[in-house]
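Nothing here was measured: the structure is a model prediction, and the numbers come from that model. Counting starts at 1 for both ligands and their atoms, following the listed order.
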Amino acid sequence: MEKLVDRKQAPDWVKSELDRICSILEKNMIRFKTNFPSACATNGKYRIKKNDDWTNGFWTGMLWMAYEYTGKETFKELAYENLKSFEKRLEEHFILDHHDIGFLYSLSVGAGYRILKEEHWKDVLLRAADVLVSRFQERGGFIQAWGKMGEEKEYRLIIDSLLNLPLLYRASELSHDPSYKEKAEIHYQNVIKNIVREDYSTYHTFYFNKETGLPDHGATHQGFSDQSCWARGQAWAILGMPLHARISGEGMSKEERELYEKIVEYFETHLPVDKMPYWDLIFMDGDQPRDSSALAIVACGMLEMKNEKRAKEMLLTLKELASSKVDPQSEGLLLHGVYAYAEGKGVDEPNLWGDYFYMEALCRIYDPEWEPYW
Ligand code: GLY
């Protein structure tokens, strides 16, 4: 096993946060056993769930990172049990009629394959990529995010999809079949062309005309309004674009880099004075809830861009304002996230992706040579 190595003497606070995180995960493992924590917490506690949501990969991904950081076999043993659950879910096609197959399988089976080097998991990963690619809509050229394929009210992509694409590039690399990455590339170009507004904010979702395949209109699903900028959506772009550049092997063209910098600038200039984003960037002060998970995702984007200085500042903001250190009862790693504000879901609570990206960013700083699982 390649253990994470403190190559450049990470700051003490990075190590102490990682140590703290691993002890919370150890406690959580005892409660969740081979089940999974729910997507978001309620009063700081996750519910015990089956492998049935879009978020289960974050839990397994954290177990793999904890294994690589500590070398403790208990993390590996449970992560391995999780892999069997992901394989069963795939066999039964259980709640997989959506595009979040990358979030689910890159961080669980993809990570497991990388760490264990067992060929079996490569096959499972490729089968997961088949499920994702089957959602590609030729008319329009995009991967349909949700719902029944071809349904008019669901004829759209969403910005979160950028994190599902690495699975397709990996699938082409592992299978030598270019069709996965060809579809991923068409989808990616369609995201970039349509979802970024003139002021460099982003729509959460974007519709295509079902009959003609032409771009139609942007809308929100989890943001404040169709014209506002959902903080996590902007964050998915800030991480998803450099991830695409690296994993696709395409890099970033000058034009794309300029666009990227403007998207980051929009995020940065819509932060409140304490630098912790509100759940929608339309808010810059007042008592609306914050979304710490958006900042954790952006910190990973900064690290993907090799901007360690800004990433560290963001992580320090998270540590000062949202680390669950202040609440020893919390099962989450990061307080003050928002899942879906309008539904009152996971508001001002930890959530699994906030925990995951906080830990991923800390691992990236701890060992700059470590490659995240995407
Ligand atoms: N991908 C769903 C979310 O960010 O809430």
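Note that NE2 of H270 is 11.0 Å distant from OG of S228, once rounded to the nearest 0.5 Å. Rounded to the nearest 0.5 Å, atoms OH (Y200) and OH (Y266) are 13.0 Å apart.
Between Q222 and ligand 1, a contact under 3.5 Å exists for at least one N or O pair. Residue-to-ligand polar distances keep D100 apart from ligand 1: every N/O pair is separated by 3.5 Å or more.
Residue-ligand proximity, W54 to ligand 1, at heavy-atom distances under 4.0 Å covers atoms 1 (N), 2 (C), 3 (C), 4 (O), 5 (O). Those atoms of ligand 1 with a heavy atom of D160 less than 4.0 angstrom away are 1 (N), 2 (C), 3 (C), 4 (O). Residue-ligand proximity, Y339 to ligand 1, at heavy-atom distances under 4.0 Å covers atoms 5 (O). Taking every heavy atom of R232 and a limit of under 4.0 angstrom, the matching atoms of ligand 1 come to 3 (C), 4 (O), 5 (O). Close approach of ligand 1 to W236 (heavy-atom distance below 4.0 Å) involves ligand atoms 4 (O).
When the ring-ring contact (aromatic ring centres under 6.0 Å, His included) test is applied to H98, no partner is found at least two apart in sequence or on another chain. For A79, the side-chain contact (heavy atoms from CB on, under 4.5 Å) partners are T60, L63, W64, not counting sequence neighbours.
A cation-pi arrangement is absent between R156 and F206, since the terminal nitrogen or guanidinium carbon is not both under 6.0 Å from the aromatic centre and inside a 45° cone about the axis.
No side-chain donor-acceptor contact under 3.5 Å links Y366 and Q9.
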